[in-house]
Structures are given as structure tokens and as C-alpha cells.
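Data block below; observations after.
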Amino acid sequence: MDIQVVREMCTGCGECEQACPFGQIAVVDQKAKILDSCVSCGACRDVCQPGAIDLSPFLDNENPSPDAYRDIFVFAELREGELRECSLELLGEGRRLADKLHQELAAVVFGDDPSGLCRPLISHGADRVYMVDDANLGFYRTETYTALLTAIVTRYRPSILLLSATTTGRDLAPRLAARLGTGLTADCTSLEIEEETGVLLQNLPAWGGKMMAEIKTPDHRPQMATVRPHVMRKQEPDPDREGEVIEIPVQINPRGIPVKRLKVVKEEQPTTSIEQAEIVVAGGRGLQGPEQFAIIEELADVLGAAVGASRAAVDEGWTSHLCQVGQTGKTVRPKIYVACGISGAIQHCIGMEGSGTIVAINKDREAPIMRIADYALVGDLFQIVPALIQAVRTKRRRN
Ligand code: FAD
């Protein structure tokens, strides 16, 4: 048994029994007892006030040298039962890194009947899929997912574990890293393998984007990173790719899940998803107010584009945070990006510089955005944008 109860310290309070998501700890004769199918997730230790749960045998066994770890695991996220695009992008990147290391790539997927998703995960690059199927996994809950992923990582020992830097990934990864006693590099924008050592190089902008940081985890495993959605390219699926599906049986104890879902309240989404749109029209502080921001929406409307915004415009409350482009917003790669009254701070540019054609409208010809623009229109946006709207409408009418 990896986990032990120090009987002298156990008060028999039953907190651990309540907390175990797998029903693998029971209070017998006023002392906690670990049952046979314990997965060593450590959830009991986290709630044990007297500190009676001893994980040291587990840690001694499970912290061997980095050489004992192999392969790359990608955590595949679902939304409403469907695979998220960012997870497929991550698989594409995982495949590239695994090929470099001559190792295998595995996807880990949790859900309420996710079996239909294993095939797409394989065709997008996975050699193996670890699947956990349980009605209690239909939507993300921190404690349960952390416990399960801890158990899987400690059992299969991946050398690298990648998650998307989504709301879920940003919630899950730090907790998981703390449980596993390893490091985590959050919000990476690129990954590489160090030639001499095979160690993962985890790159991300630092100091407000003024420099790139290269971070390594040389001594601890797995090497964990979250990766920003939309910065990696997804691979074309190969329907003939072969892979193995390993179903991990669990008995999730709903009593051990402290968070209950009462109802889902969905935030109103912009009509066109900014990340998928071919054209994005974005507005910044130069719009000067919420009423004026409407001309951005109007231009987007006539162009069939999605609305984007700088953080300044979002912080002012002129538009939804779902529209924010940049370091703390979305990363977009449309065919055309029109930046109106946006100065082009590095934190903004990180999120849009991969766009096909950049059009910037700014009255300051020295604004940084003008340097990366393919078309820099110098002038007052309150004259240029209405003129553009008019021109598009006129052209449409003629056609
Ligand atoms: P400003 O910098 O104030 O620029 C306004 C521009 O409008 C100016 O260039 C001006 O010349 C022009 N203008 C004014 N009036 C007119 C007019 N009538 N016609 C034409 N042009 C006009 N920012 C983001 O956008 N996204 C992020 O994700 C993000 N994350 C950040 C994370 C961190 C940790 C930090 C520190 C900052 C972050 N920022 C982010 C903020 C960023 O540094 C800038 O402050 C922000 O992008 C500025 O927004 P802006 O360009 O709209 O405003």
C-alpha cells in the first residue's frame, strides 16, 4: 500500500472518507483504513487536519530519477462532450515533440461516455488514449479531475505532461503540479526539446512581453506546461492512424465531490467566434467611449467579421472580455485583422501578430502597431471607419 494511516494520529473524524473521490478509505473502529483499490491520489491527505495520512512510502517509490519517466501525455479537454480545438492543437505539438524524442504520445480523456472521442484523438496524433468514463465526469470539477490525473500520472509516469492554458487548464495544472511535487510553466507560447539533454524547453513572453523566457524542469518529472490556445497548429487528422485505448476503471464516490452543479448559466457569446473568424475588426482606447465603439461593430457587421478589442477597451467596459485580444485575452490568426485606435502594445500584438494581413488605423504614425501593419492608415478613425463602412456598402450594392 502506497499510502498509510498513522493510527496514533487518526481521530476517526471521517473527513478523509468524505473526501476520497474513489470511495477507497473508510473509518473502521474509529480509525481510517485505506482500501485495496486506492489510487494514491492524495485527496485524503489534503483534508486530514491531524496529519495522519502518510504519503512518504508513495513519494519514496514514486520519485525515482527522471530517467524512469517516458513519453508525452496531453490532457484532452471537452466542452459539452466535444473535444476542444485547443486539445487537438496540443496533440499536434505533442506529436512533433514525441517524434523528436522517439517516444510515444498519449492523450488522457475524462468524461461521461467519452469512448467516441478516442478515435479522433488517435487520428490527431495519439499513440495511446487513457480514458476514464464515469457519469460524474460529465463536467469539470477541480478535485475529481486533479485526483484522477494525479493517479494516472503517478501510475504511468509520463516525462512531459501538457495541458491547454484554458480556464480549466489554468485551474487544474497548478494543483496537479503541487500534488505531484513538480514544476509548472504556465501559458507557454512555444515548446522545444533541448538537443543535448532531451529536456523540454518551455518558452513564454516575460516582463510584459519585453523578453522571452526559456524555462526547464531538469530534476523533476513530469515536466509540466500549459500552452496558450491557438498558438500551435493542429495536425491534419489521419483516419488510418492506429492507436491503443486503455480504459481505466474507477468507482467515483459522489459523496467525495464537494462541488455540486446546480445549473449552467451561459454568458452571451459574440455572434461570430473571434478565434475562428476570417476577419477581425478590433477597437481600442482610441474609440473614446462605449457609444463610439458601435462603429467597430458596424464595420465588423458589413465585413462579416468578428469584433475584437484591446484590453483598454475591455477594461473600460465598452465591450465583452470575450473580445479581448492579446496576452491575457485570445490569440487570433484571421486572414485580415483591422486594428482601430489601438497603439500596438506588445501584450496586444502577441495575440494578433500571426494574422494574414494587418490593417491599422491610427492618428499617430509612430504608434507601434504601424510597424507591424501591412496597411497603415494614418488619420482619425472617426473619419476613416465610417468611410470604409460606406465603401463596403456601396460595393455590395453594385455587386
Ligand atoms: P492605448 O495604448 O491608449 O492606444 C490608443 C491608441 O488610439 C493610440 O495609439 C492613439 O494614437 C490612437 N487614437 C486615439 N484617438 C484616435 C483617433 N481618433 N483616431 C485614430 N487613432 C486614435 N492589452 C491588450 O490589448 N491585450 C492583452 O491581452 C493585454 N494583456 C496585458 C497583460 C499585462 C500583464 C499587462 C501589463 C498589460 C496588458 N495589456 C493588454 C495592456 C497593454 O499593455 C496596453 O495598455 C493596451 O493594449 C492599450 O490598449 P490600446 O492600444 O487600446 O490603448
Side-chain angles (χ1 to χ4, degrees), residues 86 164-167 169-170 185-190 203-213 215 226-231 270 273-275 277 280-300 305-334 337-355 358-391:
C86 53
S164 297
T166 54
T167 311
R170 284 172 177 164
T185 308
D187 237 16
C188 294
T189 52
S190 74
N203 305 309
L204 73 160
W207 297 103
K210 290 188 176 63
M211 57 186 277
M212 288 299 288
I215 297 175
T226 61
V227 177
R228 287 182 66 102
H230 305 293
V231 293
S273 152
I274 187 171
E275 288 145 302
V280 173
V281 178
R285 202 181 337 244
L287 269 302
Q288 295 167 17
E291 293 82 24
Q292 295 91 311
F293 200 86
I295 61 166
I296 297 299
E297 287 157 356
E298 201 179 339
L299 180 58
V307 172
S310 70
R311 179 157 148 183
V314 170
D315 286 351
E316 294 286 352
W318 300 343
T319 187
S320 158
H321 72 93
L322 295 170
C323 300
Q324 184 177 315
V325 173
Q327 187 182 330
T328 40
K330 307 262 171 64
T331 303
V332 298
R333 289 173 181 273
Y337 188 86
V338 187
C340 310
I342 293 177
S343 59
I346 181 78
Q347 296 89 353
H348 184 81
C349 294
I350 283 169
M352 46 66 75
E353 62 200 355
S355 306
I358 298 171
V359 180
I361 305 170
N362 201 302
K363 63 182 183 186
D364 176 8
R365 65 173 61 243
E366 302 298 329
I369 192 91
M370 301 309 234
R371 276 181 244 137
I372 61 162
D374 299 287
Y375 296 94
L377 310 187
V378 182
D380 185 353
L381 72 90
F382 294 110
Q383 291 177 1
I384 296 173
V385 173
L388 279 175
I389 294 170
Q390 192 56 42

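Each ligand, and each atom within it, is numbered from 1 in the order the structure gives. Nothing fancy with the numbering, it's 1 onward along the sequence.
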Practice prompt. Give the single entry among Lys330, Arg285, Arg311 that approaches atom 40 (C) of ligand 1 most closely by any heavy atom.
Written response: Arg311

Worksheet item: Mind checking whether Pro205 and Met211 have side chains closer than 4.5 Å, heavy atoms only?
Response: no

Discussion item. I'd like to check which ligand 1 atoms, numbered from 1 as shown, lie under 4.0 Å from a non-hydrogen atom of Ser310.
Written reply: 25 (O), 49 (O), 50 (P), 52 (O)

Worksheet entry | Ligand-residue contact atoms, ligand 1 with Phe382, heavy atoms, under 4.0 Å | 18 (N)

Worksheet entry | Atom indices of ligand 1, in the order listed, that fall short of 4.0 Å to a heavy atom of Gly284 | 52 (O)

Worksheet item: Which one holds for Ile350 and ligand 1: side chain close, backbone close, both close, or neither close, with close meaning a heavy atom under 4.0 Å?
Response: neither

Discussion item. Judged on heavy-atom distance to atom 7 (O) of ligand 1, which of Ala312, Gly341, Cys349 sits nearest?
Written reply: Gly341

Practice prompt. For Gly326, take its heavy atoms, then give the atoms of ligand 1 lying under 4.0 Å from any of them.
Written response: 26 (N), 27 (C), 28 (O)

Worksheet item: What atoms in ligand 1 come closer than 4.0 Å to a heavy atom of Asp380?
Response: 17 (C), 18 (N), 19 (N)

Item to complete: Show which atoms of ligand 1 fall inside a sub-4.0 Å distance from at least one heavy-atom site of Gly329.
Response: 28 (O)

Discussion item. Can you confirm whether Arg311 sits close enough to Thr328 that some side-chain heavy atom of one is under 4.5 Å from a side-chain heavy atom of the other?
Written reply: yes

Response to the item:
Between Ile274 and Cys323 the two heavy atoms that sit nearest each other are CD1-O, 3.4 Å

For residues 361-371, tabulate all N or O donor-acceptor pairs below 3.5 Å that involve a side-chain atom, not counting sequence neighbours.
unit_1	atom_1	unit_2	atom_2	d
Asn362	OD1	Asp364	N	2.8
Asn362	ND2	Ile342	O	3.1
Asp364	OD1	Glu366	N	2.8

Discussion item. Could you check whether any side-chain heavy atom of Ile295 comes within less than 4.5 Å of a side-chain heavy atom of Leu287, counting everything from C-beta outward?
Written reply: yes

Fill in: Among His348, Lys363, Gln347, closest by any non-hydrogen atom to atom 43 (O) of ligand 1
Gln347

Worksheet item: By number and element, which atoms of ligand 1 are closer than 4.0 Å to a non-hydrogen atom of Gly379?
Response: 19 (N), 20 (C)

Item to complete: Assess Gly351 for proximity to ligand 1: is some non-hydrogen atom of it under 4.0 Å away?
Response: no

Worksheet item: Who passes side chain to side chain contact (heavy atoms under 4.5 Å, CB included) against Asp374, sequence neighbours left out?
Response: Thr357, Ile358

Worksheet item: Counting only heavy atoms, which portion of Ala345 has something under 4.0 Å from ligand 1: side chain, backbone, both, or neither?
Response: side chain

Item to complete: Pull out every atom of ligand 1 sitting under 4.0 Å from any heavy atom of Asp364, numbered as shown with elements.
Response: 11 (O)

Worksheet item: Hey, is ligand 1 close enough to Ala367 that some N/O pair sits below 3.5 Å?
Response: no

Discussion item. Under a 3.5 Å distance rule, please check whether Arg228 uses its side chain to pair with a backbone N or O of Ser190 as donor and acceptor.
Written reply: no

